[in-house]
Asks: 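Let me begin by handing over the structure; questions about it come next.
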Amino acid sequence: MSEQSPLILVVDDEPDICELIKDILNDEGYQAVSAANGVEARKAFSTKKPDLILLDIWMPDIDGISLLKEFKQLDTRMTIIMMSGHGTIETAIEATRLGAADFIEKPVSIAKLLRSIESAIEKDEKQVVVEQTKIVEPIGKAHN
Amino acid sequence: MATCKPMGNGTMGLSLIKRLSSGTAPYLYLAVLLVILAYFLSLATQDSSQLNDLFLLIFGLAIVISLLLLALLARSFYKLYRDYKNKTEGSRLTVRLVSLFVLLIILSTSIVYGFSIHFLHRGINSWFDVEIEQALNDALELSRSSLGIRMRTMLRQTRMMSGVLSELPDKDLNHNVHELTKLSGAFEVSIWDLNGQLVISSIGNNSILLPSRPSETIFNQIKKKEDYISLDPSEESGFLLRAAVRLPKKLPAQPERFLQVIFPVDERLSALGKKVHNAYSNYKELSYLRKPLITIFTLTLSLIVLLTTLASIWFAIWISRRIVQPLQDLSAGTQAVAAGNYNMQLSAQGHDEVGFLVRSFNQMTQRLTHARNANQASHRKLEQQTNHLTTVLGSLSSGVITIDNRHFIRSANIASSKILDVDLQQRLEGMVSNLSSHHPKLTPLTLVIEQHFSLKQSWQQQVEIQQQKGLQTLMCHGTPLPDDTGYVIVFDDVTALLQAQRNAAWGEVAKRLAHEIKNPLTPIQLSAERLQHKYLPLVPSDQAETLTKLTKTIVQQVEAMKGMVNDFSDYARNPGLTLSQQDIGELIHDVLTLYQSNPHHQFTLLNSPQKISLNIDANRFRQVLHNLLKNAIEASEEANMPVDIIVSYHLIKQDNISLLEITIRDHGPGIADDKLHSIFEPYATNKQKGSGLGLAIVKKIIEEHHGHVWAENTGDNGACIIIHLPTTIEER
């Protein structure tokens, strides 16, 4: 982490959601940029070098899981939090298996969003691995 | 024993005759007799003088042979006649050949016979020609005249000798006689008296002691005072000339004496004369025999011709049979082949055309056998392929039925019976339409098949059949068989597939719905929270509570909405059922009590006489009833009609299976006919409010319970929803 506040990339096809989250993050002292689709997200990923990515699963040109896979291949240490409007257990498990730091179900409260971002940023990679297992297990148990 | 003996003899004799007359024995006798006849004939022709003696023998022999031949011929003809009458193979041809041969033989032999008789007569007559007779007479005359000359010479010589001897005295006589004998070259000189007393003799040949005594003729002649000369055959060879001359008397008292001189005749002359004499006498004899000779020869010839003719006819029959035999075999062979016996092989004999024909026939049957074997092989192969095909068809999971162009079911594989839950093997060779009369549930399928039959095109159609375990959807493909021989119908049970597709569609619907609802909810909640967070410190404290309250409401409603969407997603995502035994009456009653609050709504529950307990998911089932009741109430209310709903449940029997039937009848506007089948599809509603998923969820849940739900319009007014559930639901 640099002295600068962390840069967060918000990827969502809904401009309202992007703007709102950006505003909230700015208020909280984070830097935030947004991308409306896969192409913009890739561009921002390579040029802006974000510290964290908030990634929507459903986008018009590409699905978030593929993008997650892609980003994780380019930078294994990249912290990515998935957002989804239809949080199924299967998708959550898939995302965390692929290295997502957290899985947020829409609609989300500000408090939950910020908590998730904070905890994700604070964790180093090893902790991320531990976190993944923690997340997977309860979901699996709850719906078995 | 005694009585048996004559019988035994009789049968023995009969068998002997039979044995002698059957087989090759007659031919053997015939051959032997013919050889004997030929021998005698050659004997007879060599020496015609013996003909007379042999004639009877030859004649008898020829008659015996003829009889034998006739018997043989009669036998052959009888056989031929019998064959002809029985229409035995080849008998007609044999008869025709035999008649031709017989005609030919009779014609040719009669011509030859005619000419032979003619030549025979002419030949024998020519032997006794006038010129030959004359020549023979002349030759005889010639030999006689030459002898006459000689005789006269000898007579003169004898007269001279008698003159000489008469001059001599008796005592010199002996000596002179000897001298004369020597001089004259006479064979014998003797002097006799008329009494027959030998006076004196001299013989040239010493071996003979006594002179030959003159015959009475000579004595007579001498007594008549005449000289005698004759040509006599000698005892040894040739002829002798005998001359007798009267000796002149010297004294009258002297007894009469005569001189006999015997001269030898010249050998050659004698031989020639003899030959001529023989020839003449032979000729005379033959001339005498001419008439009987002609008769004998004619008879012999006739006999030989008869024999030849008979033998030829017999031979003709034999040869005809021989010629026809292979044809007969061929005919029999052909008939055998025509009857289907292709293994027929005839014995080929000879290198002629018939032999070639027989070989060709054998070749043909061999080829036929080959062809038949090949045919059988290909038939077997075809059978194997059919078996193979049957096995393949049997192992197919799709049902395959073939129907011929008369609408008869020709074949059906195992899967088809399994899918339709009907033993189609019992319905083979039956009409398609009969199938539906035996199994009414198959009517939709048979209707579709019949409907497409006349089109002669491939078709594909989905058919729904009401099976005991619920509605079954079949995907049917019909393909016309080549040459308009019928149709092959292939069908698959796509119920599960459709279910899966439907589930997938549901999943997709749920996903979209979640996205479309939850996405806008996100900025709403975030905005509300942000509003409160940002502006709470800025508003006066008396209004802060209001702001907090408002934002809290927004957030709560968003949360509620999220919960609803999640619930729906859960339905769509098709989790398993939690089955338990439930009393249906109680369950319906419980749901109905929730609707009792509105006094304008009237509900009637028609209970089943017996208690019905089913293994179902109670929560899902409540959802079903809830959705159906809500749907009925809303439909009536929208049409401003009274809410009067009758719910009934009872057990029914369909196709020998027990079903639970639940009906929910309203008195609303009913359902448009074109919507009757689609109202259970998602978003097919014609109501103003509602998600359009209510009935779809009902259908989904009922199908998850292996049931069937459909809608009907009742006769008066209103609609009726009918649910059929099998009374046993398998655990999934």
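Just so it is clear, the structure is predicted and the values come from calculations on it, not from any experiment. In what follows, every chain begins at residue 1, and chains take the letters A, B, ... in the order their sequences are listed.
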Asks: Give the ring-plane orientation class for Phe71(A) versus Phe45(A), where under 30° counts as parallel, over 60° as perpendicular and anything between as tilted.
Replies: parallel
Asks: Would you call Arg530(B) and Ile24(A) a side-chain contact if the rule is heavy atoms closer than 4.5 Å?
Replies: yes
Asks: Side chain from CB out, backbone as N, CA, C, O: work out which of these in Asp13(A) comes under 4.5 Å of a heavy atom of chain B, or both, or neither.
Replies: side chain
Asks: Which of the residues Asn519(B), Leu521(B), Ile517(B) is involved in the greatest number of heavy-atom pairs with chain A at under 4.5 angstrom?
Replies: Asn519(B)
Asks: Counting heavy-atom pairs under 4.5 Å to chain B, which of Asp23(A), Asp12(A), Ile21(A) comes out on top?
Replies: Asp23(A)
Asks: Quick one, Ile662(B) and Ile584(B) - any side-chain contact, counting heavy atoms below 4.5 Å?
Replies: yes
Asks: I would like to know whether Ser613(B) and Gln581(B) meet side chain to side chain donor-acceptor pair (under 3.5 Å); could you show each step before the answer?
Replies: CA-CA 6 Å; Ser613(B) 207; Gln581(B) 284 290 331; 3.3 Å; yes
